[in-house]
Amino acid sequence: MTFDEFQLHPDVFDGVQGMGYTKPSPIQEQAIPAALAGKDLIACAQTGTGKTAAYLLPVLDFIAYERPEHTTALILCPTRELAKQIDEQVEGFGYHVGASSIAIYGGGKSDIWEQQKRALTQGADIIIATPGRLIAHMQLGYVKLDQIDFLILDEADKMMDMGFAEDIIQIVNQLPTKRQTLLFSATMPNKIREFSKKILHEPEEIRLAVSKPAENINQQLYMVYDTNKLALLEHLIGQLEVQSMILFTSRKMNVGPIERALRKKGLAVRGITSDRTQEEREQVLREFKNKQFQILVATDVMSRGIDVSDLSHVVNFDLPRDAEDYVHRIGRTARAGTSGMAITFVSDHDQDAVVKIEKLIERELEKKPTPEEIGPSPEFDPKKYRGRGAAHGAKPGGRGSKPGVRNARPERAAAPVAASPAPAALGTDGAAAVAETEEQKRRKKRRRKPRPEGAAEGAVATGETVTASAETAGESATGEAAKRRRKRGGRNRRGPKPEGAPQSVAAPAASE
DNA sequence: AAAAAAT
């Protein structure tokens with residue numbers, strides 16, 4: 001399959017080509033036609049599957065044809081860096097459409113707030129936001145979302161985990177019920193299912209074989225005591241040809257010490273956690289993407305969605321809390337068909353997590369012992385070490401009930417280990433229901449809209465391929481695709497966008 | 001048992 005089979009607006013197609021995309025990914029193959037047909041969508045898809053383009057292209061297609069003067073799409077996502085990255089993707093794919101976008105997220109200085117306020121007041125075709133900051137702006141009254149055509153929830157499960165359900169409902173209640181909603185989630189637990197019933201209308205469900213990391217990731221597990229992790233890490237870095245590495249740790253407090261220890265060894269390393277200033281976060285990520293340093297030490301703030309090209313290695317300094325996050329973390333490498341290596345440290349106390357991961361990815365992973373020159377190795381024996389990872393919360397023998405383990409720990413340079421108290425996340429339920437049957441009526445009402453002149457001209461460039469492929473697919477140029485378009489035909493059209501339409505206002509491009 | 005997200 002090729003992109004021209006979607007019969008996207010020529011300006012959108014140009015954007016696809018400009019971004020170097022040639023072949024639609026599985027999620028794109030399924031989601032794009034459904035979204036173009038005006039359907040709500042609930043899609044199971046991880047990052048790294050081309051998910052962003054899967055929802056951006058239909059939105060851009062809509063903008064290219066309809067040229068609405070109001071904001072067309074609201075995209076909600078869990079982390080600030082992801083919002084920024086999606087905004088950059090809009091710039092790329094939407095370049096020829098001239099679509100404007102704003103990224104709205106917290107953490108910046110007060111001038112950022114003012115900048116966001118100005119941009120929101122002026123309006124943009126697409127708003128990409130983390131929920132908290134958007135609500136803060138919405139409460140001040142200048143955010144105009146009452147006419148949006150698309151609501152997109154990216155990483156919906158992650159947002160639920162982060163307690164955003166109430167925030168999202170609060171936002172959704174300000175949106176028109178006449179809209180198309182696309183929900184993307186890496187997992188589909190009941191929580192998401194229930195939630196989706198509230199905000200989606202007769203969604204088409206798209207399921208891909210998720211939870212399986214790419215085959216071209218070389219996954220390695222090392223059995224290692226906490227106290228030996230740093231030594232093993234340095235040993236491995238010495239052996240491997242590390243071009244670019246992300247090292248994940250589950251605790252913010254580990255980041256600094258690991259960073260310093262590696263720097264002491266002469267490595268080019270920087271750290272990132274939510275505790276750092278937003279300026280620093282963005283600078284670090286930009287420099288890492290630009291290969292200005294070799295190793296990024298990060299918490300799970302980096303585990304989802306962040307796209308770094310040519311990342312050769314991912315190290316899990318400790319196991320993530322949720323098995324899903326393992327897949328997300330290692331999915332940072334081997335992107336876009338390249339290969340990569342994922343090394344995971346397994347200590348004596350977190351072996352249950354390995355079992356969960358293996359169940360999830362339906363594959364057993366080889367466990368390598370700590371090399372002798374580093375120190376003694378824990379054995380892999382999850383029955384023996386069944387520990388606090390156990391789901392039921394009850395610790396069978398109470399604390400310190402792991403015979404032999406503590407004493408078996410060698411005394412080596414201490415690896416950074418720390419615990420910090422965490423506030424409990426808010427439970428969320430009982431939120432207002434939203435859309436209903438009007439949605440259906442509206443879709444039938446939508447009329448077909450003739451192509452704007454610019455589109456016809458633009459079509460010249462790609463016309464041949466479009467027609468050719470349509471024929472191959474056994475449909476004429478006015479066939480299926482046109483029917484789809486008729487269904488989602490135009491409303492609220494007010495002629496072409498003025499020349500000075502705002503171009504991505506708030507976010508300076510990361511890769512210049 | 002953590003992290004993230006509005007201030």
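Both backbone and side-chain heavy atoms feed into the values below; hydrogens, waters and symmetry mates do not. Worth saying up front: this structure is predicted, and the values here are computed from it rather than measured. The sequence lines fix the lettering, A, B, ..., with proteins before strands; numbering per chain opens at 1.
- Within the structure, every side-chain polar atom (N or O) of A:Ser250 is placed at least 4.0 Å from both OP1 and OP2 of B:dA2.
- As rounded to whole Å, 18 Å separates atom P of B:dA4 from atom CG of A:Asp154.
- You'll find the side chain of A:Ile237 reaches within 4.5 Å of the side chain of A:Met245, heavy atoms only.
- Rounded to an integer number of Å, the gap from A:Gln278 CD to B:dT7 P is 9 Å.
- Summarising the geometry, the separation between CZ on A:Phe317 and P on B:dA1 is reported as 20 Å, rounded to the nearest angstrom.
- Here B:dA5 is the nucleotide among B:dA5, B:dA6, B:dA1 with the atom lying nearest to any side-chain atom of A:Thr79.
- No donor-acceptor contact under 3.5 angstrom links the side chains of A:Gln85 and A:Glu81, judged on distance only.
- Between A:His137 and A:Trp113, the angle of the ring planes stays under 30°, which puts this pair in the parallel group of the 30/60° scheme.
- For B:dA4, one of the phosphate oxygens OP1 or OP2 lies less than 4.0 angstrom from a side-chain nitrogen or oxygen of A:Thr299.
- Rounded to whole angstrom, the span from the CE atom of A:Met253 across to the P atom of B:dA2 amounts to 11 Å.
- The side chain of A:Arg281 contributes an N or O atom lying less than 4.0 Å from OP1 or OP2 of B:dA5.
- As rounded to whole Å, 11 Å separates atom C1' of B:dA5 from atom CD1 of A:Ile168.
- Taking side-chain N and O atoms only, A:Arg304 has no distance below 4.0 Å to OP1 or OP2 of B:dA4.
- With rounding to whole Å, A:Arg80 atom CZ is found 10 Å from B:dA4 atom P.
- Remark: C1' of B:dA1 and CG of A:Asp350 are 11 Å apart, rounded to the nearest angstrom.
- Considering only side-chain atoms of A:Met162, the nucleotide from B:dT7, B:dA4, B:dA1 that sits closest is B:dA4.
- In this structure, the CD atom of A:Glu324 is 20 Å from the P atom of B:dA3, given to the nearest Å.
- Residues A:Asn316 and A:Thr344 have side chains that bring a donor and an acceptor to within less than 3.5 angstrom of each other.
- A sub-4.0 Å separation between OP1 or OP2 of B:dA4 and a side-chain N or O of A:Lys252 is present.
- Heavy-atom neighbours of A:Glu364 CD from other residues, nucleotides or ligands within 6.0 Å: at or below the threshold of 12.
- Residue contacts for A:Arg133: at a heavy-atom cut-off of 4.0 Å it reaches the sugar-phosphate backbone alone, with no base atom in range.
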